[in-house]
Amino acid sequence: MIKQILHDHIIEVLNKLGYVHERDFTVEVPNNPEFGDYSSNAAMVLGKANKLAPKAMAEAMIKELKKNKSYKKLEIAGPGFINFHLAPVMYQKALWDIHQLGLEYGKSEHGKLEKILLEFVSANPTGPLNIVSARAAAFGDTLYRIMKFVGYEPTREFYVNDAGNQVDILAESLELRLRELQGEKIGDFPYEAYHGEYVRHLAQKLNAQEGIRVFMMTEKDRMEHLKEFALSELLEMQRSSLEKFGVVFEGWVSEKTLRAEGVVEEVLSYLTEADCTYEKEDAIWFRSTNYGDDKDRVLMKSDGSITYFVPDLAYHLTKIQRGYTQLIDIFGPDHHGYVPRLKAAFKALKYDDNMLEIIFLQQVNLFEEGEKVKMSKRAGKIVTMDDLVSLVGKDSARFFFIARKANAHLNFDLELALSRNNDNPVYYCQYAHARICSIIKKAKKDRLMPRSYKEDMTAKLVKPEELAIIQKLADLPDLLISIADLREPHRLANYLEELASHLHKYYAKYQIAGDKSKETTHARLLLIDAVRQVFLICFGLMGLSAPEKM
RNA sequence: GCGCCAGUAGCUCAGUUGGAUAGAGCAGCAGCCUUCUAAGCUGCGGGUCAUGGGUUCGAGUCCCGUCUGGCGUGCCA
């Protein structure tokens with residue numbers, strides 16, 4: 001917000017002085033306060049193009065910039081930085097603007113309503129969601145909320161792999177558990193089958209509902225029946241896990257439905273028309289190596305069935321047909337080998353493969369008492385998303401997942417997530433919010449509140465800590481835009497911690513409500529109320545609750 | 001072997017897209033509650049940014065090599 005004002009002002013001055021400015025320059029908050037409130041590298045970046053030494057250019061610019069009274073001091077520093085020391089008025093005005101915008105503050109039209117498809121989680125419907133899915137859910141959902149807030153038109157979609165091999169194995173696993181319940185000896189449970197407890201539960205449910213009748217069907221009908229039963233149960237389980245986590249999807253796209261609509265044949269024919277398929281060893285291959293993949297990929301196996309890739313590609317093409325101009329897939333760590341073939345297909349079919357953007361989330365390790373929690377999917381020993389959420393709570397889980405950048409491994413410390421002190425960043429941030437609410441409540445009780453806030457009240461805010469808080473608040477709009485464009489929601493978590501830290505420090509140093517001066521009290525209440533607003537906005541974007549007392 | 005990701009304080013991690021003297025929190029030590037929530041605050045110490053080169057006014061950030069760790073490299077999904 002303030003950055004934008006300075007940026008605009010610099011451009012105005014550049015134009016006035018007749019300087020070219022093709023290259024973009026930055027306006028930043030320098031890490032050393034001696035270098036001012038804000039600092040710009042404009043003269044350094046643009047010096048060459050204007051055939052001027054950076055310092056000489058900066059000098060000319062400062063002369064012109066000084067005509068604006070918003071600055072307390074302007075100076076050249078280092079190799080040609082322009083350092084801005086702002087007059088408090090500028091902060092005071094910014095605070096008033098923030099206050100007036102309320103919960104709309106930070107919203108923008110930056111995204112120009114571009115249609116963006118966010119596909120995430122998309123777990124196999126063959127079991128409960130695991131913690132990587134939880135990370136994907138928290139990440140994707142937060143990115144969605146932020147993109148929407150800054151003016152994109154995003155959609156959340158979950159692709160359901162309800163056809164193919166894994167689902168067959170699921171049905172077979174269920175049948176074995178059913179037979180077990182009927183008293184049959186089934187011997188060793190097959191290695192590749194699903195070993196999880198949930199399959200037993202499904203069997204018990206189905207057995208209670210239908211008992212022996214299941215086995216009176218033909219083999220083929222029974223398998224279909226088991227598939228349908230298991231899928232609807234497990235999908236419902238996944239949907240409800242996600243909902244408990246605060247994540248809902250606009251679309252659940254079924255692979256089975258896509259196949260029924262004939263898209264598989266369509267895609268195969270497109271690829272064939274593009275002359276990039278061939279037959280070898282009774283299988284049909286995609287010549288993806290022509291488009292940058294490591295090896296060619298099978299489209300149709302020698303048994304006549306189709307590989308996962310074909311309907312998935314078809315699904316991606318429907319996204320384009322539905323008018324999305326950017327397709328973002330959020331994948332787990334074990335799928336990066338899959339990307340080149342998708343991109344290859346886009347190129348083969350003459351689509352711009354830059355439309356397809358893949359974000360990889362790295363793995364999640366749970367730590368308990370300093371030890372890594374060992375999990376084995378094969379043995380059915382996994383910590384599920386539900387386990388985690390019921391253990392540490394939605395807020396903690398979401399915050400921890402969002403707080404790390406996507407392509408870094410995430411070590412999830414269970415004790416830390418459960419702790420209720422300043423070790424735990426979630427509580428640290430929520431406590432700051434609750435503290436504000438509590439102060440305001442007390443101020444109301446003590447009749448210290450102004451009848452209404454007025455702009456001139458902000459004139460009392462001159463302490464460095466107060467201006468620093470406003471500066472932090474003023475960062476939000478630009479921050480949200482860069483989070484959306486860089487797909488880096490973890491920055492919002494960092495921001496919240498910094499804001500909370502500012503607030504706690506301020507609280508410890510100054511009496512907010514009840515200063516000797518009534519004007520100062522009013523000003524400070526206005527300030528912390530704006531902080532409260534920003535907390536509410538950010539908690540909302542991260543899907544966290546905003547407790548008013550703790 | 002090849003490919004992708006990562007390597008920053010004892011630990012967990014930031015680092016504003018190449019800017020000035022690399023920052024937080026935890027852990028350690030020393031302090032602060034008759035006053036708006038101590039789930040908080042203040043102070044101290046802590047670094048060869050894995051490593052070797054390169055690019056330029058300037059590199060934790062970009063390029064190349066090496067080392068270490070994770071993952072991938074199915075006619076699985």
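The chains referred to below are lettered A, B, ... by the order of the sequence lines, with proteins before strands, and numbering in each begins at 1.
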Any [X] side-chain nitrogen or oxygen under 4.0 Å from OP1 or OP2 of [N]:
| X | N | value |
| --- | --- | --- |
| A:Asn424 | B:A39 | no |
| A:Lys301 | B:G74 | no |
| A:Lys405 | B:G15 | yes |
| A:Arg404 | B:A14 | no |
| A:Lys442 | B:U35 | no |

Is the base of [N] touched by the side chain of [X] through a donor-acceptor pair closer than 3.5 angstrom?
| X | N | result |
| --- | --- | --- |
| A:Asn83 | B:A20 | yes |
| A:Ser302 | B:C75 | yes |
| A:His335 | B:A77 | yes |
| A:Ser39 | B:A20 | yes |

I need the residues from residues 507-520 of chain A with at least one non-hydrogen atom less than 4.0 Å from RNA chain B; give them sorted by number, or say none. A:Tyr507, A:Ala508, A:Tyr510, A:Gln511, A:Ile512, A:Ala513
As a test of reading the structure: which of [options] is closest to the side chain of [X], going by heavy atoms?
| X | options | value |
| --- | --- | --- |
| A:Asn411 | B:U42, B:U12, B:U17 | B:U12 |
| A:Gln363 | B:G70, B:U37, B:C5 | B:G70 |
| A:Ile439 | B:C36, B:A14, B:U17 | B:C36 |
| A:Phe81 | B:A20, B:C76, B:A38 | B:A20 |
| A:Pro79 | B:G19, B:U17, B:A77 | B:G19 |
| A:His336 | B:A14, B:C71, B:A20 | B:C71 |
| A:Leu486 | B:U17, B:U37, B:A14 | B:U17 |
| A:Gln362 | B:A77, B:C5, B:A20 | B:C5 |
| A:Asn407 | B:C57, B:A77, B:C5 | B:C5 |
| A:Ala77 | B:A6, B:C36, B:A20 | B:A20 |

Out of A:Phe158, A:Phe139, A:Phe249, which residue meets the ring pair (Phe, Tyr, Trp, His ring centres under 6.0 Å) rule with A:Phe120?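 Only one option passes, and that is A:Phe249.
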Which residue, A:Glu255 or A:Leu416, contacts RNA chain B at a nucleotide closer to its 5' end, judged by nearest heavy atom?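 Here A:Leu416 is the residue nearer the 5' end.
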Which sits closer to the 5' end of RNA chain B, A:Asp296 or A:Glu28, going by the nucleotide each is nearest to? A:Glu28
Has A:Glu548 got more than 12 heavy atoms of other residues, nucleotides or ligands less than 6.0 Å from its CD? no
Categorize [X] for me: base, sugar-phosphate, or nothing, with a 4.0 angstrom heavy-atom threshold over every strand shown.
| X | value |
| --- | --- |
| A:Asn41 | base |
| A:Ala403 | nothing |
| A:Phe360 | nothing |
| A:Lys441 | nothing |
| A:Met300 | nothing |

In whole angstroms, how far is the [atom2] atom of [N] from the [atom1] atom of [X]?
| X | N | atom1 | atom2 | value |
| --- | --- | --- | --- | --- |
| A:His7 | B:U16 | NE2 | C1' | 13 Å |
| A:Tyr38 | B:A20 | OH | P | 18 Å |
| A:Glu498 | B:G23 | CD | P | 13 Å |
| A:Phe35 | B:G19 | CZ | C1' | 10 Å |

Defining pairs by Watson-Crick or G-U wobble geometry with both distances under 3.5 Å, how would you list the stems of RNA chain B with at least three pairs each? B:1-7 with B:67-73, B:10-13 with B:23-26, B:28-32 with B:40-44, B:50-54 with B:62-66
So A:Tyr278 and A:Trp285, would you call those rings parallel, tilted or perpendicular, with 30° and 60° as cut-offs?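 The arrangement is parallel - the two ring planes meet at less than 30°.
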Aromatic rings A:Tyr291 and A:Phe286: how do their planes relate, parallel, tilted or perpendicular, breaks at 30° and 60°?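 Correct class here is parallel.
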Would you mind calling B:C32 syn or anti? Take O4'-C1'-N9-C4 for purines or O4'-C1'-N1-C2 for pyrimidines, and syn is within 90° of 0. anti
Syn versus anti for B:U17, judged by chi lying within 90° of 0? syn
Walk me through it: do A:Lys227 and A:Asp168 pass the test salt bridge (charged side-chain N to carboxylate O under 4.0 Å, His left out)? CA-CA 7 Å; A:Lys227 264 193 230 181; A:Asp168 294 341; 2.7 Å; yes
Would you confirm whether the ring centroid of A:Tyr431 sits within less than 6.0 angstrom of the ring centroid of A:Tyr427? no
Would you please indicate if the ring centroids of A:Phe331 and A:His336 are separated by under 6.0 Å?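 No, ring centres 6.0 Å or more apart.
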Assess whether side-chain hydrogen bond (donor to acceptor under 3.5 Å, both in side chains) is satisfied between A:Thr521 and A:Asp515, documenting all intermediate values. CA-CA 6 Å; A:Thr521 292; A:Asp515 186 88; 5.3 Å; no
Salt bridge check, [Y] against [X]: does any charged N sit closer than 4.0 Å to a carboxylate O?
| X | Y | answer |
| --- | --- | --- |
| A:Lys319 | A:Glu157 | no |
| A:Glu28 | A:Lys3 | no |
| A:Glu488 | A:Lys405 | no |
| A:Glu255 | A:Arg259 | yes |

